[in-house]
Amino acid sequence: MARANDDAAAALTEYAELFALTGGDAFRVRSYQKAAKAIAGFPEDISVADVRGVPGVGEAIAKKMEEFLQRGSFRQLDDLRGRVPEGVRRLTRVPTLGPKTAIMLFEDYGIDSPAALGEAITSGRLDGVKGLGPKTLANLLKGIEQLEQSGRRVHIGVAMSLAEQVMTSLKAERIAYAGSLRRMKDTIGDIDILAVAPESIMTEFRAQPYVAEIIAAGDKKTSIRTTSGLQVDLRVVPAESWGAAMQYFTGSKEHNVAIREMAVKKGWKLSEYGLFEGERVIASESEEDIYAALGMQFVPPPMREDGGEVKAALRGELPTLVQLADLKGDLHTHTNLTDGIASLEDMVAAGHARGYVYYAVTDHAPDLAMQRMTLDKALEQRQQVADLQQKYPDMRLLHGTELNIAPDGSVDWPGEILREFDVCVASVHSHFSMSRDEMTRRFIAACENPYVDIIGHPTTRKIGKRPQVDADWEAVFRAAGRTGTAMEIDSFPDRSDLPADLVRLAKHHGVKFSIDSDSHAIPHLTNQRFGVGIAQRAWLTTEDVINTWPLERLLAFLGR
DNA sequence: GCCGTTTTCGGCCCGACTGTTTTCAGTCG
C-alpha cells in the first residue's frame with residue numbers, strides 16, 4: 001500500500017493533526033483532512049498526474065505535495081514535527097481528551113504521552129487544575145487503561161452479530177443500526193443503534209447482560225461498553241424524525257457535512273430531526289424524502305464517504321450498485337475433503353437452497369501439504385460432482401480448485417491438469433513477508449498463468465492478526481486487467497479481502513471481481529453479504545462482478 | 001486551507017452529553 005498517493009495522504013493527515021494540536025485554525029485543519037482523503041482515494045498516481053486535479057487540493061496544498069514527492073516531507077510538516085513530541089499526538093487518542101486539553105497539558109505541565117498523563121494523575125500533580133475536576137481525571141485515567149488494553153476496532157462480522165444481539169434484546173416500535181456498520185465498513189469502532197421506543201428502553205438497555213460499563217446515560221442517548229469491549233450507543237428518536245436520524249447517524253461525517261452545506265445554501269437547515277425551512281418541516285420521516293427534497297438521488301449507505309457521491313447524486317449519475325440478490329453463485333467454497341467441515345453433498349444442497357444458478361467446489365490442491373490433497377482425490381471428487389449434478393438440473397455445479405501460489409508464482413499442477421477444472425482460484429497461503437518486488441512478480445506470474453481465473457483473498461490480511469502483504473498493487477492489477485484474471489472479494493469478515501480501496505483501484509485498471517464466501521461450513525455461505533458491502537463501497541455494478549453474470553457469460557469468461 | 005449560476009471575499013454543520021461552569025467549554029459523532 002505504498003502508492004505515492006497513500007504516503008502523501010498520510011503525511012497530510014499527520015500535518016492536519018499537528019496543525020490542530022498547535023492551535024491552528026479549525027477550518028484549515030478540515031481542508032487538510034479533506035484533501036488527504038481525496039488524495040488517498042484518487043485513482044491516478046499523483047507522482048505522475050497533476051495533484052491539482054484532485055478535488056479539495058488548491059495551490060497551497062499542491063505545493064506541499066510536490067515538495068513531499070520530491071523529498072518525502074515538506075517544510076511546514078518538519079516544523080511542526082519538531083515542535084510537537086510524538087507522545088502528545090498519542091494523548092488525543094485517549095477518549096474524551098481532545099486537542100485543546102492535549103496542548104494545555106503539554107505546554108503547562110510538560111505532559112508528553114498517555115503514560116506521563118497517567119503518572120501525573122495518580123501522583124496528584126493535576127489536582128485542582130482549572131477544567132480538570134476529580135471526575136474528569138478519573139475518566140482520563142480509565143481512558144488511558146483502555147487505550148493500553150482494547151480500544152481497537154473489530155471486523156464487521158463481530159460488530160454485526162453484536163448489533164443483531166442488541167436489537168433482538170430490546171422492545172421497540174422501530175429499531176435499526178446506523179453508523180459505519182450500516183455503511184459496511186470492514187472494521188467498526190463502535191455501534192450506533194436507533195430506536196423509536198418509550199424512554200423506558202434506556203433502563204431496559206442498561207440492564208442487559210452484555211453491558212459491562214455504562215459510559216453515558218441520558219434520555220435520548222445511552223452509551224455502554226459491552227463485555228467484549230465494544231461501545232454501543234442507543235439513541236431514542238421521535239417516529240416522525242426516523243429518516244432524518246438514520247441519515248444523520250449513518251454518516252459518514254464528511255458526507256453529512258457536504259449535504260448540510262447544500263441545505264444551508266438553499267436557506268434550509270438539516271439536523272437529526274429533519275430538513276427545515278425555518279420552523280416548517282420539509283422532510284424528516286424517510287431518508288428517501290430528504291435526499292429527494294435536496295434534489296438528489298438516494299445515496300446508498302456504503303457510498304456515503306464524500307468520495308464524489310454527492311456530486312454524482314445531484315447529476316443523477318449514481319451507478320446502480322451490485323446487490324446481494326444479483327449474485328448467481330459462489331466461486332470459492334470448500335468441503336471436508338480438505339479443510340471444510342461439511343460434506344460435498346451438504347454444501348451443494350445449502351448452495352441450492354440459496355437459489356444459486358451455479359456453484360463451484362474449490363478444495364485445496366496438493367501444495368498445501370497439511371490438506372493431504374492428491375490428484376486422485378480431486379478426480380474422485382470430480383466424479384462425485386458429476387453424479388450430484390443429476391440431482392440439481394437447475395443449478396450448474398462447477399468443479400474447481402483453490403491453488404497455492406508458490407513464492408515463484410507457480411501453482412500446484414501443470415496446465416494439462418489445470419485445464420480440466422471448470423474454475424481455478426489461486427491464492428497466497430505462506431511466505432507473506434517477501435519483498436515488494438518479489439511479491440509483485442509472484443502475483444503477476446499467477447495472473448499470467450492461462451488457467452488461473454481468480455486470485456483468491458489477494459492481500460492475505462487477517463484483520464487484527466496479520467497485515468497485508470506488500471506488493472505493487474497497480475502493477476498486479478494492470479497484469480490482471482491485461483490477462484483477464486479476476487480479483488476475489490473474499491467475504492469472510494476477518495479477511496474482507498480485497499479491501500474497498502484496492503477494489504476501486506483495480507476497477508480503474510479494468511479488473512473484474514468475484515464475490516466469494518470462501519466457505520468452510522454451511523453458515524459461511526451467508527458471509528457474501530459482507531463481500532457485497534465491500535463491492536458497494538467501491539461502487540461496483542453487476543458489470544464488474546463475474547458471479548452476477550448468467551452462466552453462459554461466466555463460462556465464456558472462464559474460457560473452458 | 002478551499003471554494004463560488006446568489007460570492008474572488010467571507011463563509012465553512014449541528015446537537016447531545018459531561019463536568020464543570022454560575023452560563024459554558026470541550027469532545028464526540
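Side chains included, hydrogens not; waters and symmetry mates left out as well; all remaining heavy atoms used. We name chains A, B, ... by the order of the sequence lines, and we start the count at 1 in each one.
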Exercise. Can you tell me how far P of B:dT27 sits from CD1 of A:Ile215, to the nearest Å?
Worked result: 17 Å

For this session: Would you mind telling me which of B:dT20, B:dC17, B:dC14 lies closest to the side-chain atoms of A:Tyr248?
Result: B:dC14

Exercise. Hey, does A:Thr101 reach any base, or is it just sugar-phosphate, or nothing, if we go heavy atoms under 4.0 Å?
Worked result: sugar-phosphate

For this session: Nearest whole angstrom, please: distance from the P of B:dC3 to the CD of A:Glu261.
Result: 12 Å

Exercise. What is the distance, rounded to the nearest whole Å, between atom CG of A:Asp25 and atom C1' of B:dC2?
Worked result: 12 Å

Exercise. At under 4.0 Å between heavy atoms, what does A:Lys253 touch on the DNA or RNA strands: base, sugar-phosphate, or nothing?
Worked result: base

Problem set entry | Gap in Å between the two P atoms, one belonging to B:dT21 and one to B:dG26, rounded | 13 Å

Problem set entry | Short side-chain N/O contact from A:Arg260 to OP1 or OP2 of B:dC13, under 4.0 Å | no

Problem set entry | Presence of A:Thr136 side-chain N/O under 4.0 Å of B:dT20 phosphate oxygens OP1/OP2 | yes

For this session: Write down the distance between CG (A:Asn256) and P (B:dC28), rounded to a whole number of angstrom.
Result: 18 Å

For this session: Show your working on salt bridge (charged side-chain N to carboxylate O under 4.0 Å, His left out) between A:Glu17 and A:Arg89 and close with a plain yes or no.
Result: CA-CA 8 Å; A:Glu17 197 181 343; A:Arg89 291 176 58 200; 3.3 Å; yes

Seminar exercise, completed: Relative to its sugar, using the 90° cut-off around 0, the base of B:dT5 is anti

Seminar exercise, completed: Whole-Å distance, A:Asp190 CG to B:dT27 P, equals 18 Å

Exercise. Are there more than 12 heavy atoms of other residues, nucleotides or ligands under 6.0 Å from atom CD of A:Glu86?
Worked result: yes

Problem set entry | Distance below 4.0 Å between A:Asn139 side-chain N/O and B:dG19 OP1 or OP2 | yes

For this session: Determine: side-chain N/O of A:Tyr273 to OP1/OP2 of B:dA16, distance under 4.0 Å, yes or no.
Result: yes

Exercise. Which one is paired to B:dC9, where only Watson-Crick or G-U wobble pairs with both distances under 3.5 angstrom count?
Worked result: B:dG4

For this session: Verify the contact: side-chain N or O of A:Lys220 to OP1 or OP2 of B:dG15, cut-off strictly under 4.0 Å; return yes or no.
Result: no

Exercise. Between B:dT5 and B:dG1, how far is it from one P atom to the other, in whole Å?
Worked result: 24 Å

Exercise. When you compare B:dC12 with B:dG19, how far apart are their P atoms, in angstrom units rounded to a whole number?
Worked result: 31 Å

Exercise. What nucleic acid atoms does A:Lys266 come within less than 4.0 Å of, heavy atoms only: base, sugar-phosphate, or nothing?
Worked result: nothing

Seminar exercise, completed: Per atom distances to the A:Lys135 side chain, the nearest of B:dG1, B:dC14, B:dT20 is B:dT20

For this session: Could you tell me whether the phosphate oxygens of B:dG15, OP1 or OP2, come under 4.0 Å of any side-chain nitrogen or oxygen in A:Arg235?
Result: no

Exercise. Taking the C1' atom of each, how far is B:dG11 from B:dT6, in whole Å?
Worked result: 13 Å

Exercise. Taking the same atom, C1', in B:dT20 and in B:dA25, what whole-Å distance lies between them?
Worked result: 9 Å

Exercise. Atom CG of A:Leu105 and atom P of B:dG26: how far apart are they, to the nearest Å?
Worked result: 13 Å

Problem set entry | Along DNA chain B (nearest heavy atom to each residue), the more 5'-positioned of A:Glu272 and A:Pro134 | A:Glu272

For this session: Using a heavy-atom cut-off of under 4.0 Å over every strand shown, decide if A:Tyr32 touches base, sugar-phosphate, or nothing.
Result: sugar-phosphate

Exercise. Counting only heavy atoms not in A:Arg280, do more than 12 sit closer than 6.0 Å to its CZ atom?
Worked result: yes

Exercise. When you check the side-chain N and O atoms of A:Ser252 and A:Arg304, is any donor under 3.5 Å from an acceptor?
Worked result: no

Exercise. How far does the C1' atom of B:dC14 sit from the matching atom of B:dC9, given to the nearest Å?
Worked result: 25 Å

Exercise. Heavy atoms under 4.0 Å, any strand shown: does A:Ile259 hit a base, just sugar-phosphate, or nothing?
Worked result: nothing

Exercise. Going through the distances and angles, do A:Tyr248 and A:Tyr273 end up as a ring-ring contact (aromatic ring centres under 6.0 Å, His included)?
Worked result: CA-CA 9 Å; A:Tyr248 180 74; A:Tyr273 294 106; 9.1 Å; no

Exercise. Quick one: do A:Glu199 and A:Lys220 make a salt bridge, cutoff under 4.0 Å?
Worked result: no

Exercise. Mind checking the C1' distance from B:dG29 to B:dC13? Whole angstroms is fine.
Worked result: 12 Å

For this session: Name the closest nucleotide to the A:Val257 side chain, picking from B:dC13, B:dG1, B:dG26.
Result: B:dC13

Exercise. If you look at every strand shown and take non-hydrogen atoms under 4.0 Å, does A:Ala217 touch a base, only sugar-phosphate, or nothing?
Worked result: sugar-phosphate

For this session: Could you say whether A:Phe27 or A:Lys311 is positioned toward the 5' end of DNA chain B, judged by the nucleotide with the nearest heavy atom to each?
Result: A:Lys311

Exercise. Cut-off 3.5 Å, side chains only: do A:Asp78 and A:Ser73 have a donor facing an acceptor?
Worked result: yes

For this session: Using only side-chain N and O atoms of A:Lys265, determine if any of them is under 4.0 Å from OP1 or OP2 of B:dC12.
Result: no

Exercise. Given B:dT20, B:dG15, B:dT18, which nucleotide is nearest the side-chain atoms of A:Ala216?
Worked result: B:dT18

